[in-house]
Amino acid sequence: MASAPSASVEAHLDTPQGRCALTYEPLNVQAIIQAVADDGAGATAVFIGTTRDSFKGERTHLTRLDYQAYSKLAIKTMADILRDAHSRYTRSQHEPADSGVSHANAVIRSAVHHRLGTVPVGEPSIVIAVSSPHRKEAFMACELILEEVKLKAQIWKREFYEGEREEDAEWKANVGH
């Protein structure tokens, strides 16, 4: 009997706001940063989430994480999150509301790339980059995208610990820490 195709497949989606990607390949941080580059950007905020071997300050002897996604839905959710971040920050706080000057959005371009499959300790599992004319909006949008992806995207992780049998590793929602 043939096995069912996996729903956890690579996916990429380009939108006017930026790029979303789910990939089994290692994340190329410099390429992701370059994807949001713009001559009008005075700031680029970047978040790199890496697999760590500790939890709440204690060594756990985590050896790796495995990520799976319902990719068809997760990539659309990620794109919705980028759209929301761009619409939320429509004006820089450096410009008075009554200035009468019409400017482009306070967020220029964003990217969120998430690994699928096995991610060893020390390697990035998510990279988010946001360009903006000013740093505050870049930081705020970057954090919003991170928290919303962790909360809403259909991505799950399985934690593997030293000395634990592989079949005992548990799947967890990709939220929290």
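Position 1 is the first residue of the sequence; numbering continues from there. Values below: all heavy atoms of this structure, side chains included; hydrogens, waters and symmetry mates excluded.
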**OP:** Could you tell me whether F160 atom CZ has more than 12 heavy atoms of other residues or ligands within 6.0 Å of it?
**Re:** yes
**OP:** Determine whether more than 12 heavy atoms belonging to other residues, nucleotides or ligands lie under 6.0 Å from atom CD of E143.
**Re:** no
Which distance, rounded to the nearest 0.5 Å, do you find between the [atom1] of [X] and the [atom2] of [Y]?
{"X": "R19", "Y": "L13", "atom1": "CZ", "atom2": "CG", "value": "8.5 Å"}
{"X": "D80", "Y": "Q17", "atom1": "CG", "atom2": "CD", "value": "9.5 Å"}
{"X": "T23", "Y": "H114", "atom1": "OG1", "atom2": "NE2", "value": "12.0 Å"}
{"X": "R52", "Y": "L62", "atom1": "CZ", "atom2": "CG", "value": "9.0 Å"}
{"X": "E137", "Y": "S131", "atom1": "CD", "atom2": "OG", "value": "12.0 Å"}
{"X": "T51", "Y": "E159", "atom1": "OG1", "atom2": "CD", "value": "10.0 Å"}

Identify every side-chain donor-acceptor pair in residues 25-38 under 3.5 Å, counting partners at least two apart or on other chains, and give the distances.
unit_1, atom_1, unit_2, atom_2, d
N28, OD1, Q30, N, 3.3
N28, OD1, A31, N, 3.0
D38, OD1, G40, N, 2.6

Subject >> Heavy-atom side-chain contact between I145 and F47 under 4.5 Å >> reply: no
**OP:** Evaluate the side-chain proximity of K150 to L146: yes if any heavy-atom separation is below 4.5 Å, no if none is.
**Re:** yes
Original post:
Is R158 reaching over with its side chain to a backbone N or O of A169, donor-acceptor style, under 3.5 angstrom?
Top reply: yes
Original post:
Under 3.5 Å, is there a donor-acceptor pair linking the side chains of S110 and H86?
Top reply: yes
Anything under 3.5 Å between a donor and an acceptor, one on a side chain of residues 70-79, the other on a protein residue two or more places apart or in another chain? List them.
unit_1, atom_1, unit_2, atom_2, d
S71, OG, A7, O, 3.4
S71, OG, V9, N, 3.0
S71, OG, V9, O, 2.6
T77, OG1, L73, O, 3.1
T77, OG1, Q154, OE1, 3.0
T77, OG1, Q154, NE2, 3.3

Using residues 123-130 as the side-chain source, report each donor-acceptor pair under 3.5 Å to any protein atom, sequence neighbours left out, with the distance given to one decimal.
unit_1, atom_1, unit_2, atom_2, d
E123, OE1, R115, NH1, 3.0
S125, OG, G49, O, 3.3
S125, OG, Y67, OH, 3.4

Original post:
Does R64 pair with E166 as a salt bridge, N-O distance under 4.0 Å?
Top reply: yes
Subject >> Criterion side chain to side chain contact (heavy atoms under 4.5 Å, CB included) on Y24 and S8, from CA distance to verdict >> reply: CA-CA 10 Å; Y24 284 91; S8 188; 3.2 Å; yes
How far apart are the closest heavy atoms of [X] and [Y], and which atoms are they?
{"X": "R83", "Y": "T15", "value": "NH1-CG2, 3.9 Å"}
{"X": "A106", "Y": "P133", "value": "O-CD, 3.2 Å"}
{"X": "I155", "Y": "A69", "value": "CG1-CB, 3.9 Å"}

Original post:
Do I108 and I81 share a hydrophobic cluster (ILVMFWY, side-chain heavy atoms under 4.5 Å, transitive)?
Top reply: no
